[in-house]
There are 2 protein chains.
Amino acid sequence: MHCRSCHDCTARGFAICAALDETELRELAQLSRHVRFESGATVFAQANIATSFFSVHAGTLRLYKLLPDSRRQIVGFALPGDFLGLPGLPHHEFSADAVGRVTLCQFPKESFATFAEKRPQLLRRMVELAGHELARAQEHMVLLGRRSAEEKIASFLIGWRDRLSGIGRGGEILPLPMKRLDIADHLGLTIETVSRTFSKLERDGVIQIFASGVVLLDTPRAEALSAGVS
Amino acid sequence: MHCRSCHDCTARGFAICAALDETELRELAQLSRHVRFESGATVFAQANIATSFFSVHAGTLRLYKLLPDSRRQIVGFALPGDFLGLPGLPHHEFSADAVGRVTLCQFPKESFATFAEKRPQLLRRMVELAGHELARAQEHMVLLGRRSAEEKIASFLIGWRDRLSGIGRGGEILPLPMKRLDIADHLGLTIETVSRTFSKLERDGVIQIFASGVVLLDTPRAEALSAGVS
DNA sequence: CGTCAGGTTGACGCGTCTCAAAGTGGGTGG
DNA sequence: CCACCCACTTTGAGACGCGTCAACCTGACG
């Protein structure tokens with residue numbers, strides 16, 4: 001189950017590993033285990049003590065927080081190259097579970113911290129990744145606080161397209177591995193509103209809906225909605 | 001205008017400086033300028049090229065993003081000890097302006113990066129701060145996406161109280177230096193709803209409103225609302 | 001005393017939620 | 001191969017929370 005080699009890892013270029021040279025990479029690989037989760041499985045849960053960090057190798061995860069009455073907010077989706085876990089916080093801040101099959105590199109928190117401690121480029125890379133994550137979170141706050149349902153869906157689609165193309169998964173059809181309920185809980189909507197808005201965008205010729213995703217027919221219109229130009 | 005000494009800086013304990021020893025602190029002080037902004041002044045603006053990092057010394061800033069049609073989302077308020085600026089991103093991701101008078105330590109991006117490059121404890125501290133920031137952002141997403149107006153206001157008050165007490169500014173009266181419009185744009189509400197909700201909480205005996213802030217009369221009730229237990 | 005920014009309150013409308021029902025497709029067992 | 005089930009999605013009708021628009025209040029300042 002261990003990764004054949006980090007050398008030809010498909011997530012190599014985007015992950016923290018990008019900051020390491022050959023020797024360090026082999027050393028880090030010693031610390032890591034390659035783990036796999038089936039669709040729907042929980043990788044870790046909010047408020048549990050964090051004993052490991054993870055780097056996503058393949059697949060999609062939903063990261064979410066729950067309120068006591070079971071309202072859910074999906075704070076993000078993790079894709080290959082994303083790093084999960086925050087040094088300096090003892091507990092997991094959110095839960096993570098697999099959307100479809102997922103594989104991850106798992107690092108014991110302690111030994112990873114020791115490894116990173118003396119490697120400024122790795123730490124810099126982590127600051128950088130955290131910064132990108134933070135920027136995405138802030139952009140998402142604008143979406144949640146100040147956008148209409150239609151703008152939310154359009155923004156989500158455009159943002160998802162850009163993230164996928166950023167890791168070399170761009171294509172004609174935009175795959176949406178997550179369910180409508182996941183999208184709703186990500187955008188602060190209900191499942192019905194998500195469904196209705198998808199339908200409206202299809203009626204208006206902006207998208208075409210398939211079982212596995214959508215095709216952007218009128219990209220400029222979608223981008224305009226996404227930017228908030230009414 | 002330069003800080004008398006970092007040694008007796010009131011924000012010392014919470015800021016990135018906490019990671020530095022005496023020698024390093026003096027070296028960093030060489031790089032920094034102490035700057036002051038009057039109420040309402042803009043420290044930097046979204047999408048401008050970032051040439052400096054900042055560490056808040058005193059006062060409160062609002063950090064916000066604007067949509068083209070001038071809808072605004074305040075992504076957070078910065079307090080003493082907070083670090084502004086993200087290594088790895090060339091542009092400012094949001095605008096920042098002073099809420100009341102503010103003083104900051106300003107570091108030229110280049111020289112700060114050079115200084116940090118070889119100091120793992122500083123980098124670790126930055127990862128840590130970024131992590132805390134990210135955790136706050138995710139908590140705020142829950143608020144924006146899944147909470148009612150009353151819960152939003154209660155959460156905001158409780159969160160603000162906790163942040164202030166975290167930097168030694170706790171007290172009977174909870175000062176709110178920002179305007180109603182700022183609170184509205186932070187919580188994804190309108191100014192009228194904020195005002196109405198404040199009034200309702202006061203009618204219900206949860207808070208008492210003053211010109212400069214509020215007093216929490218029924219803290220358990222406020223915390224319950226904040227936690228989302230109906 | 002007038003002005004002005006900020007805050008409060010009320011009446012009404014709209015966008016989204018809620019509740020309900022029907023449609024779709026994939027999987028399983030007869 | 002069909003019948004059935006189940007999870008998921010779509011669609012509709014009505015309710016409701018919050019936004020919109022407008023009026024009024026308050027205190028600071030000249």
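Reckoned from all heavy atoms, side chains included, excluding hydrogens, waters and symmetry mates. Each chain gets a letter, A, B and so on, in the order the sequences are listed, and its residues count up from 1.
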Inset, instruction - Nearest whole angstrom, please: distance from the P of dT16(C) to the CG of L187(A). - result: 12 Å
Inset, instruction - Calculate the interatomic distance between L144(A) atom CG and dT16(C) atom P; express it in whole Å. - result: 13 Å
Legend entry - Pairs touching residues 162-180 of chain A that satisfy side chain to side chain donor-acceptor pair (under 3.5 Å), sequence neighbours left out: D82(A)-R163(A)
Inset, instruction - Strictly below 4.0 Å, heavy-atom distances to any atom of DNA chain D: list the hits from residues 200-217 of chain B, or just say none. - result: none
Legend entry - Under the side chain to side chain contact (heavy atoms under 4.5 Å, CB included) test, residues paired with E150(A) that sit two or more places apart: S148(A), T197(A), K200(A), L201(A), D204(A), L225(A)
Legend entry - Closest-nucleotide 5' rank along DNA chain D - winner of M178(A) and A149(B): M178(A)
Legend entry - Closest heavy-atom pair and its distance - A227(B), P68(A): O-CD, 3.2 Å
Inset, instruction - Tell me, with the steps shown, if K65(A) and D185(A) meet salt bridge (Lys or Arg N to Asp or Glu O under 4.0 Å). - result: CA-CA 10 Å; K65(A) 291 168 83 81; D185(A) 284 346; over 6 Å; no
Legend entry - Nucleic acid contacts of residues 150-158 of chain A, taken as heavy-atom distances under 4.0 Å to DNA chain C: none
Inset, instruction - Round to a whole Å and report the spacing from NZ of K179(B) to C1' of dC4(C). - result: 13 Å
Legend entry - Separation of atom CZ in R180(B) from atom P in dT9(C), rounded to whole Å: 11 Å
Inset, instruction - Summarise protein proximity over nucleotides 19-30 of chain D in one line of letters, 5' to 3': B for base, S for sugar-phosphate only, - for none, counting protein heavy atoms closer than 4.0 Å. - result: SBB---------
Inset, instruction - Kindly assign one of parallel, tilted or perpendicular to the pair F107(A) and F112(A), based on the angle between their ring planes and the thresholds 30° and 60°. - result: tilted
Inset, instruction - Enumerate the residue pairs fulfilling ring pair (Phe, Tyr, Trp, His ring centres under 6.0 Å) with a member in residues 164-196 of chain A, sequence neighbours excluded, ordered by first and then second residue. - result: F77(A)-H186(A), H140(A)-H186(A), F156(A)-H186(A)
Inset, instruction - Examine the side chains of R33(A) and Q106(A) and answer whether a donor and an acceptor come within less than 3.5 Å of each other. - result: yes
Inset, instruction - May I ask you to check whether F83(A) and F53(A) place their ring centers less than 6.0 Å from one another? - result: yes
Legend entry - Electrostatic pair R136(B):E93(A) at N-O distance under 4.0 angstrom: no
Legend entry - Side-chain donor-acceptor pair present, D97(A), Y64(A), cut-off under 3.5 Å: yes
Inset, instruction - Round to a whole Å and report the spacing from CG of L181(A) to P of dC17(C). - result: 13 Å
Legend entry - Rounded distance (Å) that lies between atom C1' of dT8(C) and atom CD1 of I191(B): 10 Å
Inset, instruction - Tell me what S195(B) touches on the nucleic acid: a base, only sugar-phosphate, or nothing, going by heavy atoms under 4.0 Å. - result: base
Inset, instruction - Check for a donor-acceptor pair, side chain of R101(A) on one end and backbone N or O of E38(A) on the other, with a separation under 3.5 Å. - result: no
